[in-house]
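Please read all numbers here as calculations on a predicted model, not as lab measurements. Hydrogens, waters and symmetry mates play no part in the numbers below; they use all other heavy atoms, side chains included.
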Amino acid sequence: KRQILDHKNQLMGEQARLAARLEVVQQAENSLAGFAGGAKFLLDAAKNNRLKGAKGLLSAAMEVPAEYETAVAAALGDAFDLVLIESRNDVDQTLTLLESSNDRAVVFPVDNNPGKASVSKKNALAIGRLADLVKIDDSIRPALESLLGGALLVKDRDTARSLRQQDPDSVRELLGGDNEYNESHA
């Protein structure tokens, strides 16, 4: 019985810690802390009904397992905090509004899907396609696929080099661990 009470107290403490963390994250999200000025400006404009078609930030729409966060951030670069907009038809309005702020932001229309993103061949050395390791709403997945292309996640640079040597034509980007290994060719 004592063990059960101790376990219950431990779980209640964990719940309180997580609730406090959630509150901090929600406050940061509401104030858009840590985001570029242009992204803040556009999201604020969307909240105040001055911008049609804004769907939010790509980073907020993704669920990325902790062990893959560095690789996803490296692969997306500046696009990590891009502002998703509903349609290519909303681009002009978005850019015009952004110009009035003297800030910059990366915007990406969700319907900008020129076709299926390049898909690297499956390989036993790869952990997987980076896009496949990210959970995201189906309506936004084409944008993520377009941005990540066929980027593969591998465990380390040696594995990336080995994979690149085995199939140099199908592998463009390889990400491993906390280090980015990016080779592109024309």
Does the side chain of [X] reach to within under 4.5 Å of the side chain of [Y], using non-hydrogen atoms?
{"X": "Leu148", "Y": "Leu76", "result": "yes"}
{"X": "Phe108", "Y": "Leu147", "result": "yes"}
{"X": "Leu57", "Y": "Val83", "result": "yes"}
{"X": "Phe80", "Y": "Val106", "result": "no"}
{"X": "Ile136", "Y": "Leu58", "result": "yes"}

Grab the two heavy atoms, one from [X] and one from [Y], that are nearest each other, plus how far apart they are.
{"X": "Pro65", "Y": "Leu133", "result": "CD-O, 3.3 Å"}
{"X": "Ala105", "Y": "Ala39", "result": "CB-N, 3.7 Å"}
{"X": "Ser139", "Y": "Val110", "result": "O-CG1, 2.8 Å"}
{"X": "Tyr68", "Y": "Ile127", "result": "OH-CG2, 3.7 Å"}

Give a yes or no on whether Arg50 atom CZ has more than 12 heavy-atom contacts from other residues, nucleotides or ligands under 6.0 Å away.
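Yes, because the 6.0 Å sphere around CZ of Arg50 holds more than 12 heavy atoms from other groups.
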
Within 6.0 angstrom of Leu18 CG, more than 12 heavy atoms from elsewhere
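More than 12 within 6.0 Å, yes.
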
Determine which pairs satisfy salt bridge (Lys or Arg N to Asp or Glu O under 4.0 Å) with at least one residue from [range], sequence neighbours left out, and list them in order.
{"range": "residues 53-64", "result": "Lys55-Glu86"}
{"range": "residues 130-139", "result": "Arg129-Asp132"}
{"range": "residues 4-17", "result": "Arg2-Asp6, Glu14-Arg17"}

Using only atom types and a distance under 3.5 Å, with no angle test, would you say the side chain of Asp111 pairs donor to acceptor with the backbone of Arg88?
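Judged by distance alone, yes, a pair lies under 3.5 Å.
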
Given 3.5 Å as the limit, does a donor-acceptor pair link the side chain of Asn48 with the main chain of Asp44, or not?
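The answer is yes, because a donor-acceptor pair under 3.5 Å joins these two groups.
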
[atom2] on [Y] to [atom1] on [X], rounded to 0.5 Å:
{"X": "Glu145", "Y": "Leu130", "atom1": "CD", "atom2": "CG", "value": "10.0 Å"}
{"X": "Leu97", "Y": "Leu42", "atom1": "CG", "atom2": "CG", "value": "6.0 Å"}
{"X": "Ser59", "Y": "Glu69", "atom1": "OG", "atom2": "CD", "value": "11.0 Å"}
{"X": "Ser146", "Y": "Leu144", "atom1": "OG", "atom2": "CG", "value": "9.5 Å"}
{"X": "Ile4", "Y": "Asn9", "atom1": "CD1", "atom2": "CG", "value": "12.0 Å"}

